[in-house]
Amino acid sequence: MVCLKSVSANPFGVFRGQCVTLLSRAMQDIFPSVVIQPMSLAIPPNPQFGQLSSSVCFEIAKKLHKNPRDIAKQIEKEAEAAASSFTLIEKVKAEGQGYINFYIDLARFSQLTLESARTLDTEYGFVKTSKPERVIVEHTSANPIHPIHIGHGRNSVLGDALTRILKAQGHEVSAHYYVDDVGRQSALIAYGYKLLGKPEPEGKPDHFIGAIYAITNCLLEIRRLKERLENARSTPGAEEEVRDLQRRLDEWVSIAAGLKEKHPDLFNKLLEEISKAESPELEVNLLLQRYEAGEEETKSLIREFSQLCLEGFKQTLARAGISVDSWDWESMFVWNGDVARCLDELKKTPFVFEEGGVLEFDAEMVAQTLGLKEAFGVKPDQEIPSLTLVRADGTTLYTTRDISYSLWKFKRADRVINVIGMEQKLAQLQLKMALCALGYVKEARNLIHFSYNLVRFPGQRMSGRKGRYVTFDEVMDEAVARAYEEVSKRSPQLPNETKHKISEVVGIGAIKYALVETDPQKHVVFTWDKVLNFETNSAPYIQYSHARACSILRKAGKQNRKVDAAVLKEPLERDLVLMISRFPEAFIDAADNLKPNIIADYANALADKFNTFYAALPVLKADSPELANARLMLVDAVRITLRNALILIGIKAPQRM
RNA sequence: GGGCCCGUGGCCUAGUCAGGAUAGGGCGUCGGCCUCCUAAGCCGAUAGUCGAGGGUUCAAAUCCCCCCGGGCCCGCCA
């Protein structure tokens with residue numbers, strides 16, 4: 001007799017376990033010679049087929065050359081006799097073409113599920129791992145050169161959800177932001193910032209820095225294109241090139257017009273200064289070299305505006321409810337010698353060579369020599385391009401510095417998850433090969449590139465360089481404003497301060513949900529419609545369901561602790577109980593496979609079931625006090641589960657809306 | 001040219017890794033439901049050759065092959 005505990009971290013898992021045990025025993029008794037692994041059970045398409053089912057008979061039938069229905073019947077007979085010793089199994093049936101269907105003992109199961117949710121409360125669903133690890137999730141890491149746009153937002157939201165989910169699973173997780181201050185882009189903005197005489201920011205600092213960046217970049221781009229165009233024009237037979245350059249120049253000129261209109265003062269000042277400049281490109285390169293070399297004046301220059309920009313980011317992220325535990329400056333790894341040491345180590349390997357004054361890393365050779373291709377998902381005959389480690393002028397490249405950074409992260413973590421766009425897939429692979437070359441094969445295998453697709457506008461991609469993006473800030477402003485309208489319309493009686501609080505939670509929830517609900521591998525086309533969705537399949541819908549549950553509970557007052565869940569017999573109640581009971585399995589799936597969208601999906605499905613229940617069955621005015629009590633406990637379990645699911649994807653659950 | 005990702009009703013999307021019963025949702029459109037716990041809701045209707053073709057299998061949206069369409073990467077950018 002399996003003992004019936006009153007609380008389980010994973011109620012549906014208990015039922016599943018009982019079914020697996022029962023089925024395995026039955027099979028062993030009847031077909032001791034047949035070995036079938038693994039014994040997986042599926043949720044049938046319709047509750048009329050029970051709550052779990054096995055298609056194992058089809059496999060046995062094949063091996064024994066028998067009819068699957070006959071085998072199912074045999075197993076049914078054997079299992080039916082043993083079922084009574086499993087507390088949560090009501091009956092076992094052979095059905096269809098040869099399925100074994102398991103029917104749950106709803107009365108006991110409801111009791112177990114609702115009791116578990118109520119008792120575990122804020123921990124319900126968060127099934128702990130047996131192997132806690134130290135995990136670093138690197139996310140956002142937007143360059144401190146322009147505001148965080150909605151494309152980065154997807155990164156932040158996914159990274160934050162992963163952080164929350166893995167923490168809930170019992171890992172020691174830390175969210176890291178890699179501040180890329182060493183690249184050419186930072187040098188570029190340093191150039192513009194200096195020309196302007198290090199101005200005090202007007203407005204939000206990251207927006208201000210972003211304007212300087214966009215204008216400087218644009219003006220230099222135009223200047224460069226004009227020079228090339230002149231060259232091409234004087235070259236015979238380059239008509240094609242001339243046309244291409246002219247087209248690109250036209251595009252940048254129109255971008256310039258837009259920037260001039262938006263930031264006339266900054267634009268004109270920069271235009272004036274850059275027109276006077278002898279060789280801006282050279283100056284930018286010089287700034288980059290000086291910064292890498294740790295030259296004091298350049299250091300303070302770049303750190304100054306980077307810091308300003310980060311202040312803006314911190315405001316944005318704080319408003320979005322996304323936290324960062326560590327801000328890791330890329331320059332630190334250059335200045336403290338880590339990058340140089342790392343390069344020295346790499347040079348000692350046979351995988352580094354010099355070509356035309358630059359240092360190259362032969363990732364292909366590493367993969368071949370150490371036999372790594374299969375383990376890292378590379379086809380045997382696919383050649384991995386080599387990676388440039390050091391420029392001719394002695395400065396390093398992004399991926400080079402990332403090698404040092406990765407080693408630094410692995411001193412602090414067992415597993416590192418990099419939330420980085422999928423366009424960097426090759427660079428991440430080269431990085432892993434470099435780690436392997438240095439002897440860190442285990443680390444390379446524990447380095448996970450959590451890739452995601454871009455957020456794009458209909459027809460075009462966002463571009464920081466061209467200043468073509470919608471900022472995370474403006475999306476939040478818009479969503480919150482929209483939410484405020486809704487709240488005012490629906491709950492005019494609430495105090496204004498409360499309305500604002502609710503709008504903030506709802507508007508920002510809507511955005512985060514829209515970014516987390518889609519499979520990361522698919523691109524998201526940004527439309528206000530999608531982000532401002534307040535109907536079914538949105539955060540507001542789930543939040544609303546939660547608020548409705550809270551409302552019932554509030555009106556009910558103090559709950560009775562002694563509840564008999566056996567009185568919940570309606571199909572809608574059964575569906576709800578089952579849905580609640582499956583939250584822990586959904587959680588495990590999401591955590592083990594790093595799929596936050598499973599949680600979003602789950603929450604929406606539970607809200608759906610709850611709203612159906614809400615419309616169909618009265619709680620406070622149920623037919624009997626016993627039934628009312630049981631339904632209240634059910635509603636409470638819904639509330640707990642919805643709230644916990646939302647927390648995992650970083651969305652707050654308001655009690656009123 | 002090579003590699004990776006995506007392709008599911010008019011639009012968006014789950015399911016694909018671990019193949020199973022009638023492919024779930026949402027938006028839209030059309031029609032209903034507030035003297036009753038919040039109508040950001042509920043109920044019903046509408047709409048699908050799961051990109052195409054082949055193969056494996058008792059069984060394919062799911063696995064294999066080939067092709068088509070879209071995106072990304074193959075930089076002394078990040």
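A note on names: the letters A, B, ... follow the listed sequences, proteins ahead of strands, and every chain is numbered from 1.
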Exercise. For A:T536, which contact category applies under a 4.0 Å heavy-atom criterion: base, sugar-phosphate, or nothing?
Worked result: sugar-phosphate

For this session: Mind checking A:E486 for me? I need base, sugar-phosphate or nothing, with any heavy atom below 4.0 Å counting as a touch.
Result: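 The residue A:E486 makes base contact.
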
Consider the side chain of [X], meaning its heavy atoms from C-beta on, and name the nucleotide among [options] that approaches it most closely.
{"X": "A:K522", "options": "B:U8, B:G15, B:A78", "result": "B:U8"}
{"X": "A:N46", "options": "B:A78, B:U22, B:C37", "result": "B:U22"}
{"X": "A:K555", "options": "B:C74, B:C76, B:U38", "result": "B:U38"}
{"X": "A:V358", "options": "B:A78, B:G25, B:C76", "result": "B:C76"}
{"X": "A:L426", "options": "B:C73, B:G15, B:C36", "result": "B:C73"}

Can you tell me if the side-chain N/O atoms of [X] get under 4.0 Å from OP1 or OP2 in [N]?
{"X": "A:T527", "N": "B:C12", "result": "no"}
{"X": "A:R184", "N": "B:C77", "result": "yes"}
{"X": "A:Y541", "N": "B:A39", "result": "no"}
{"X": "A:K489", "N": "B:A39", "result": "no"}
{"X": "A:T518", "N": "B:U13", "result": "no"}
{"X": "A:R554", "N": "B:U38", "result": "no"}
{"X": "A:R391", "N": "B:C77", "result": "yes"}
{"X": "A:K530", "N": "B:U13", "result": "no"}

Exercise. Which whole-number value in Å describes the distance from A:L532 CG to B:C27 C1'?
Worked result: 14 Å

Exercise. Which whole-number value in Å describes the distance from A:L617 CG to B:C36 P?
Worked result: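 From A:L617 CG to B:C36 P: 18 Å.
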
Exercise. Where each residue is assigned the nucleotide of RNA chain B containing its nearest heavy atom, which of A:V524 and A:I552 is assigned the position nearer the 5′ end?
Worked result: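 In this pair, the answer is A:V524.
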
Seminar exercise, completed: The residue, A:L52 or A:G183, whose nearest nucleotide of RNA chain B is more 5′ is A:L52

Exercise. Is it true that A:E283 and A:R290 make a salt bridge, defined as a side-chain N closer than 4.0 Å to a carboxylate O?
Worked result: no

Problem set entry | Under 3.5 Å on both distances, the Watson-Crick or G-U partner of B:U46 |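 In the structure as shown, B:U46 has B:G28 as its Watson-Crick or wobble partner.
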
Exercise. Should B:C34 be called syn or anti, with syn set as within 90° of 0?
Worked result: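 Nucleotide B:C34 adopts syn.
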
